[in-house]
Protein chains: 2
Amino acid sequence: MNVTTEQLFTEARTQGGYLPAPVSDDTLRQLYELMKWGPTSANCTPARIVFVRTHEAKAKLVSCMDAGSNQRKVQEAPVTAILGMDMAFYEQLPRLFPHTDARAWFAGQPKKIEETALRNASLQGGYFIIAARALGLDCAPMGGFDAAALDAAFWAGTSVKSNFVCCLGHGDPARLHARNPRLSFDEACRLA
Amino acid sequence: MNVTTEQLFTEARTQGGYLPAPVSDDTLRQLYELMKWGPTSANCTPARIVFVRTHEAKAKLVSCMDAGSNQRKVQEAPVTAILGMDMAFYEQLPRLFPHTDARAWFAGQPKKIEETALRNASLQGGYFIIAARALGLDCAPMGGFDAAALDAAFWAGTSVKSNFVCCLGHGDPARLHARNPRLSFDEACRLA
């Protein structure tokens, strides 16, 4: 599928509001089928996703978001993804990374598990956002929520914890804010 | 710039070895100019990068990598990026996120700083890998190194800690391994 780096990076914007245009379940499946191929350490792929589309699930999610614009955005967006990380990801390694005993690198090491889950689920979060943009969707990733409430509402009975939330849909260009600046190459990078 | 989702996701592969074809400094600058636009929470952009290209810097980096294929890949690749995270990222927020006092959300809160740095520097790591592929580069991200030695060798006197390392260049198709499987949509995702 043809895309442009303008669409993925230089002209893509975090949205302040959404138009009512819907997003199909088929598009959400395509999104996963792209992002799943992004590399993670030992192919551990800890990201887990709930796509919130129904009225009921949306009401539950809104009640977990910080008051204000985060609640409004989730209310408006046709879909909001909850990106979680499976803290038992290493139980899948015998299948996902079969040529060595990678499960043994993690079992019983909570600090290593936590760091690996957060690093790799967030890497996958980057793939998710770019894949969504490749499919013509606008994104609004958000960290402003009550994590304990969100975990209880959407991941109860699982080993998954919430990482971040991302509205998906078609942004309302009238509600874009001015773009924030970025560090220059020389501020962020060094050639050695 | 035109790219394809095959090049970015479905046909891109983590490389097992590199051809000697060089990568220009100009390409490395273009890579940063793409990835820098990816969204982070409160525009905190904690990722910092050292691009290792010279013989001297490469020897220093090789000595920090785990013995075996990680050392060989760094030795072969024309460039290896060390992706770090600036634990003092919040000092930049008055400039990067100017419309509120976001610095105050972090100052004096080491656990929140650490989690925010790892989450967002890793999100940016995802943007980095996809941007590199958009520019026609192959990647081999790696976590197998002595973090304390790497921090001392490349980030001494700064507030930056190493996150992961990523070889960049043109992969040798003769040294690709079989592709590891991924979780299915139904294993990793839920519609709600």
Side-chain angles (χ1 to χ4, degrees), chain A residues 1-6 8-10 12 14 25 28-29 32-39 41 43 45 47-54 57 92 95-98 115 118-120 122-127 129-131 134 139 141-143 154 163-164 180-183 185 188-192, chain B residues 1-6 8-10 12 14 25 28-29 32-39 41 43 45 47-54 57 92 95-98 115 118-120 122-127 129-131 134 139 141-143 154 163-164 180-183 185 188-192:
Chain A
M1 188 173 64
N2 292 314
V3 293
T4 68
T5 52
E6 289 76 13
L8 303 180
F9 291 107
T10 54
T14 292
D25 289 354
L28 303 177
R29 287 177 186 275
Y32 180 70
E33 295 303 323
L34 288 177
M35 69 155 282
K36 75 176 184 183
W37 291 116
S41 64
N43 196 33
T45 61
R48 302 290 182 269
I49 305 170
V50 181
F51 290 106
V52 171
R53 314 112 67 239
T54 64
Q92 307 293 333
R95 180 161 61 112
L96 295 177
F97 200 67
E115 189 179 309
L118 180 56
R119 175 180 295 113
N120 286 281
S122 300
L123 262 179
Q124 290 185 279
Y127 307 143
I129 289 170
I130 302 296
C139 297
M142 298 185 293
F154 288 95
N163 187 14
F164 68 94
N180 284 313
R182 296 298 191 272
L183 298 175
F185 180 89
C189 305
R190 185 154 48 94
L191 296 168
Chain B
M1 187 173 65
N2 292 311
V3 292
T4 68
T5 52
E6 288 75 15
L8 303 180
F9 291 107
T10 54
T14 292
D25 290 353
L28 303 177
R29 288 178 184 275
Y32 180 71
E33 294 303 323
L34 289 177
M35 70 155 280
K36 74 175 185 183
W37 291 115
S41 64
N43 196 34
T45 62
R48 302 291 182 269
I49 305 170
V50 180
F51 290 107
V52 171
R53 312 113 68 240
T54 63
Q92 307 293 331
R95 179 160 62 111
L96 296 177
F97 200 66
E115 189 180 309
L118 180 56
R119 174 180 296 113
N120 285 281
S122 299
L123 262 179
Q124 290 186 280
Y127 307 143
I129 289 169
I130 303 296
C139 296
M142 298 185 292
F154 287 95
N163 188 13
F164 68 96
N180 285 314
R182 296 297 192 271
L183 298 175
F185 181 89
C189 305
R190 185 154 47 95
L191 297 168

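We use all heavy atoms of the structure for the numbers below, so side chains are in, but hydrogens, waters and symmetry mates are not. Within every chain, numbering begins at 1; the chains are lettered A, B, ... in the order of the sequence lines, protein sequences first and strands thereafter.
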Does a salt bridge link B:R119 with B:E115, judged by any charged N lying under 4.0 Å from a carboxylate O? yes
Quick check on A:I129 against chain B: is it the side chain, the backbone, both or neither that has a heavy atom closer than 4.5 Å? side chain
Relative to chain B, which of A:T10, A:N120, A:I49 shows the most heavy atom pairs under 4.5 Å? A:I49
Could you have a look at B:N2, B:L34, B:V52 and say which one has the most heavy-atom pairs with chain A under 4.5 angstrom? B:L34
Cut-off 4.5 Å, heavy atoms of chain B, and the answer for A:A134 is side chain
Can you see which heavy atom on B:A188 is nearest to which on A:A47, and at what distance? CB-O, 4.3 Å
Most heavy-atom pairs under 4.5 Å with chain A, out of B:T4, B:T54, B:N180, belong to B:N180
Can you list the residues that meet the salt bridge (charged side-chain N to carboxylate O under 4.0 Å, His left out) rule with B:R53, with sequence neighbours excluded? B:D25
Using a 4.5 angstrom heavy-atom cutoff, name the option from B:M35, B:M142, B:Q92, B:R95 with the most pairs to chain A. B:R95
Please flag which part of A:A57 lies under 4.5 Å from any non-hydrogen atom of chain B: side chain, backbone, both or neither. side chain
Just so I understand: if I count every heavy-atom pair under 4.5 Å between each of B:G143, B:P39, B:A12 and chain A, which residue has the most? B:P39
Less than 4.5 Å to any heavy atom of chain B: does that hold for the side chain of A:P181, its backbone, both, or neither? both
Side chain from CB out, backbone as N, CA, C, O: work out which of these in A:N43 comes under 4.5 Å of a heavy atom of chain B, or both, or neither. side chain
With a 4.5 angstrom heavy-atom cut-off, which part of A:S41 approaches chain B: side chain, backbone, both or neither? neither
Contacting moiety of A:L28, where chain B heavy atoms sit under 4.5 Å: both
Look at A:V3, A:V50, A:I130 and state which one has the largest set of heavy-atom pairs under 4.5 Å with chain B. A:V3
With side chains defined as the heavy atoms from C-beta onward, is the minimum distance between A:E33 and B:T5 less than 4.5 Å? no
Under the salt bridge (charged side-chain N to carboxylate O under 4.0 Å, His left out) test, residues paired with A:E6 that sit two or more places apart: none
Is a side-chain donor or acceptor of A:R182 paired with a backbone partner of B:T45 at a separation under 3.5 angstrom? no
Please work out whether the ring planes of B:F185 and A:Y32 are parallel, tilted or perpendicular, with thresholds of 30° and 60°. perpendicular
In Å, rounded to the nearest 0.5 Å, how long is the span from CG of B:L118 to CG of B:N163? 5.5 Å
Which pair of non-hydrogen atoms, one from B:C139 and one from B:P141, has the smallest distance, and what is that distance? C-CD, 3.8 Å
